[in-house]
Amino acid sequence: MSDPVSTLEQFDVDGALRETAAAAFPLTRGELFRLSATAAAAGALGYFGASVEEADAAAAKTENDIAILRFDQTLEYLQAGLYTEAERLGALKPATLGWARIVGAHERAHLRAIENLLGDKALKNPGFDYGGVTSDESAFLKTAVAFEDLTAALLKWQAPRLDSRAIVAAAVSLHSVETRHAAWIRHLVGLEPATTAFDKPASQHKMAQLISSTHFLVARPKVAAKTKPRYTG
Amino acid sequence: MGKPDLISFVGVEGVAVTSAAHNRSSRHPLSRRQLVLRGAAAAAGITAGGAVGLLRNSATALAATPSTEQDRKIFNFALVLEYLQAAFYAEALRQGRLTGEVRHFAEVVAEHERAHVEYLRKALGAQARERPRFDFGDATRDEKSFLKAAVTLENTGVVAYNGQAANLTKPALAAAAEIVSVEGRHAAWVSDLAGQAPAPRAADVGQSAAEVLATLQSTRFLQST
């Protein structure tokens with residue numbers, strides 16, 4: 001087989017795109033080498049953080065994109081908290097805990113990535129009360145399947161509604177991981193992992209309904225209450 | 001085994017770059033500077049991260065602005081993958097060596113991949129590329145080889161779609177998202193069946209078409225256009 005570099009040049013379906021990129025950057029040779037070194041590092045890492053930090057630097061965020069990212073941030077707080085608490089309590093079956101440990105780490109990584117994208121527009125953790133779901137095998141599985149399936153559907157709804165192409169590139173890299181989580185947990189509980197050739201989107205309204213139905217989002221979290229001034233009248 | 005003609009296989013602007021690269025020393029040699037420019041741009045475009053890295057410097061770097069013409073190229077590129085996947089599962093089922101849940105997986109997923117092919121062909125209309133010829137060797141005749149190949153094909157499908165998402169128009173992105181979602185589910189499912197991590201990373205960073213084609217080439221499944 002030919003060497004990797006010429007392979008990449010030869011089978012370059014993005015040729016037009018790269019030609020455009022090259023033409024658009026009358027950079028010095030040194031600058032181009034630095035760029036390609038950065039890209040190679042990002043590829044070697046293969047890790048979301050790298051691409052999102054790049055996107056962060058690049059993206060001119062619209063109000064629309066900020067609103068979408070804030071919705072996702074809240075959802076990631078909920079999921080990361082749910083799985084992390086399950087892992088900490090350790091009351092679930094080993095296979096379920098194994099899933100929670102890995103998926104919890106992913107959701108925490110997603111949370112950090114979204115925080116990086118939002119910068120000073122990021123929200124504080126609203127605080128959740130999982131009401132025993134994190135130590136109840138059956139309730140946990142049911143909740144996890146519902147959230148993973150609907151999160152995947154939500155990200156499909158959001159993707160074409162994002163303005164920034166850099167944020168689109170980042171968001172889709174999370175989307176497919178959510179579909180993996182969904183298929184994996186479904187497989188774990190004995191449900192068909194993939195039930196249709198086309199997964200339909202679901203709106204933020206639908207997700208808000210699911211969150212509301214769980215009562216996880218407490219109106220007045222204890223942590224926040226402590227910081228509020230007391231009025232004794 | 002004949003070497004597939006991936007150049008005509010790709011069939012879009014890559015051809016221009018390719019012929020120029022092949023003729024470096026002949027009639028129209030590229031200047032050293034041009035080669036450096038192209039090499040650096042190609043290297044920088046390997047991953048979505050790389051593309052975004054370029055974007056830091058200019059909004060035009062991700063790709064040409066999305067257009068229906070660009071959608072067509074990307075859909076035709078995706079169609080290669082879908083043809084390949086559909087043919088792979090169909091042949092594996094014809095060979096009849098799969099058992100249990102692996103067989104069930106192949107039956108379900110074969111149906112999905114056929115539906116993806118039909119969707120893309122319909123969307124492309126007369127512009128749809130023809131189905132290439134494939135040779136899957138032992139990968140469809142042995143359950144272990146089947147699982148290994150299926151994991152590669154499904155993971156490749158995911159990063160191929162992800163790598164093009166930001167290059168699509170909004171309606172095309174909406175459609176592609178419905179497909180890649182199912183590819184992600186297939187990837188997780190078959191990885192679990194193969195004893196591999198269903199979700200090995202926190203993000204499925206997209207790959208360029210060039211990188212995807214390099215992976216496909218490494219399978220030696222592609223025989224011709």
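Within every chain, numbering begins at 1; the chains are lettered A, B, ... in the order of the sequence lines, protein sequences first and strands thereafter.
With hydrogens and angles disregarded, a donor-acceptor distance shorter than 3.5 Å links the side chain of A:His110 to the backbone of B:Ala202. In this structure a side-chain-to-backbone donor-acceptor pair under 3.5 Å is present from B:His116 to A:Ala197. Looking only at distances, no side-chain donor or acceptor of B:Lys170 sits under 3.5 Å from a matching main-chain atom of A:Ala159.
Using a 4.5 Å cut-off between heavy atoms, A:Leu155 makes no contact with chain B at all. Of the atoms belonging to B:Glu113, not a single heavy atom falls under 4.5 Å from chain A. For a residue to count as touching a neighbouring chain, one of its non-hydrogen atoms must lie under 4.5 Å from one of that chain's; by this rule B:Asn155 touches chain A with backbone and side chain alike. Of the two parts of A:Arg108, neither the backbone nor the side chain holds a non-hydrogen atom closer than 4.5 Å to a non-hydrogen atom of chain B. Interface remark: A:Glu178 contributes no atoms to any contact with chain B (heavy atom separation under 4.5 Å).
B:Leu173 and A:Val168 get closest at one heavy-atom pair: CD2-CG1, 3.9 Å. Nearest heavy atoms, A:Ala194 versus B:His186: CB-CD2, 3.9 Å. Closest heavy-atom contact between A:Thr195 and B:His112: C-NE2, 4.1 Å. Nearest heavy-atom pair, A:Arg165 versus B:Thr65, reported as atom, atom and distance to 0.1 Å: NH1-CA, 4.2 Å. Across every non-hydrogen atom of B:Pro200 and A:His106, the tightest pair is C-NE2, 4.4 Å. In plain terms, the two heavy atoms of A:Lys156 and B:Ala177 that are nearest each other are CD-O, 3.4 Å.
For the pair A:Lys200 and B:Glu178, the salt-bridge criterion is met [side-chain N within less than 4.0 Å of a carboxylate O].
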Would you check, one step at a time, whether the test side-chain contact (heavy atoms from CB on, under 4.5 Å) holds for A:His175 with B:Ser181? CA-CA 7 Å; A:His175 165 252; B:Ser181 179; 3.6 Å; yes
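Interatomic distance, OG of B:Ser191 versus CH2 of A:Trp184, reported as 10.0 Å (0.5 Å rounding). Annotation: the span from B:Asp204 atom CG to A:Arg180 atom CZ amounts to 4.0 Å, rounded to 0.5 Å. Considering CZ of B:Phe105 and NE2 of A:His187, their distance stands at 10.0 Å, rounded to 0.5 Å.
When each of A:Asp199, A:Thr196, A:Thr179 is paired with B:Arg185, the side-chain hydrogen bond (donor to acceptor under 3.5 Å, both in side chains) condition holds for A:Asp199 and for no other.
Looking at heavy atoms from C-beta onward, A:Glu192 lies in side-chain contact with B:Trp189 at the 4.5 angstrom threshold.
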